[in-house]
Amino acid sequence: MRWTTTLFLLLTVLLGGCSSSRSKPGWAIALHGGAGTLSKTSPTHEQATYRESLERALREGVERLERGESAIDVVQAVVMVLEDDAHFNAGKGAAFNEQGKHELDASIMDGGTLRCGAVAGVRTVKNPIGLARLVMDRTKHVLLMGDGAEQFADAMNVPRVPNDYFSTPKRREMLDEVLRERAQQRSDAATNRHATYGTVGCVVRDAQGNLAAATSTGGLTGKRFGRVGDSPIIGAGTYADAHAAVSCTGTGEEFIRHGIARSVSARVAFAGQSINRAAHHAVFETLRPDDGGLIAIDAQGNIAAVYSTEGMYRAWATQAGTFKVAIFEEESCD
Ligand code: ASP
């Protein structure tokens, strides 16, 4: 090869690198507050309170990303805001199990390192996602459950609350309704499934290109004591690697059965599908109608928010200036 050609190629690589870093996609963020929404016909002022909550959480994420925080720190902070907001079925406002108690699940994953942490069936931890992060950072394990997770919380000095801190009148009404229907139909499968989906989650691509995902939930209303859904199961309700970050909401058992969150990143990585195509495949071709939805983000910051229910509380923003909140609207994230 002549030296001029070599020089030309070298310059192309160097300049190409510079120009691609100039046009490098910036940060991007999406969050959800569950695929079990108010009905489309509910009063506008009720819908407006959810929109305000979603906007507040999104703003928290955007401000942190603008300050240069990492994807993993941002997903945790945003999920904490949603956990503290009684509108959603995670932290304060969590669903009741069939015994009238709360058992909470959460997980978090860093796409760059595949480090992850999760807790299941915690009863007194104010912010389960914070404890999941500590499982990731301070132990060699991935998932701690029940008493063991509570004991770990003692050791980590995280904020604790009595179990009824999580209770709200709205969730109590939902439990009563579920138990009433169950008694009438003598089955625990006959309940209006998606009325109870309210899990929260967040996925982020930070300015450095790192991906992360986090999910937190009170689980399904009227669930059996000890039941664990998909939200704390890495690969089912939450997943992040170098290709995609995913957080799910819906009938946890189905998301576990099909390893939904991991299946989305695998479709991007191995089948070369777009994040949108991969998300649609999971929601409409793998899951059953009405099973729920998910949010996902890829390494370029493309966002997908896909659901088979009437709506999904969701919001997303990008460094390029997008800032949107939606419940029912058929809005694409492109
Ligand atoms: N996926 C959650 C679970 O099964 C429920 C939800 O999304 O609201 O525990």
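Heavy atoms only: backbone and side chains are in, while hydrogens, waters and symmetry mates are out. All residue numbers in this chain count up from 1 along the given sequence. In listed order, ligands and their atoms are each counted from 1.
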For this session: Scan side-chain atoms only and decide if His258 and Thr286 contain a donor-acceptor pair under the 3.5 Å cut-off.
Result: no
For this session: Using a 4.5 Å cut-off on heavy atoms from C-beta on, say whether the side chain of Tyr165 contacts that of His102.
Result: no
For this session: May I ask whether Gly34 places a heavy atom under 4.0 Å from ligand 1?
Result: no
Problem set entry | Asp230-ligand 1 polar pair, N/O distance under 3.5 Å | yes
For this session: Looking only at distances, please establish whether an N/O atom of ligand 1 is found under 3.5 Å from an N/O atom of Gly198.
Result: yes
Problem set entry | Atom indices of ligand 1 within 4.0 angstrom of Gly219 heavy atoms, with elements | 9 (O)
Exercise. Quick check: does Gly229 get an N/O under 3.5 Å from an N/O on ligand 1?
Worked result: no
Exercise. Can you name the residues that form a side-chain hydrogen bond (donor to acceptor under 3.5 Å, both in side chains) with Asp84, not counting sequence neighbours?
Worked result: Lys126, Asn127
Exercise. Where does Glu254 meet ligand 1, judged by heavy-atom distances below 4.0 Å: at the side chain, the backbone, both, or neither?
Worked result: neither
Problem set entry | Close approach, Gly250 and ligand 1, non-hydrogen under 4.0 angstrom | yes
Exercise. Taking distance alone, with no angle check, do Thr251 and ligand 1 share an N/O pair under 3.5 Å?
Worked result: no
Exercise. Between Tyr313 and His32, is the gap from one ring center to the other below 6.0 Å?
Worked result: no
For this session: Tell me which one of Arg227, Met312, Glu253 gets a heavy atom nearest to atom 3 (C) of ligand 1.
Result: Arg227
Exercise. Is NZ or CZ of Arg59 both nearer than 6.0 Å to the six-membered ring centre of Phe323 and within 45° of the ring axis?
Worked result: yes
For this session: State plainly whether the residues Glu253 and Arg227 are in salt-bridge range, i.e. N to O under 4.0 Å.
Result: yes
For this session: Check side-chain hydrogen bond (donor to acceptor under 3.5 Å, both in side chains) between Arg123 and all other residues, then give those that pass, not counting sequence neighbours.
Result: Asp147
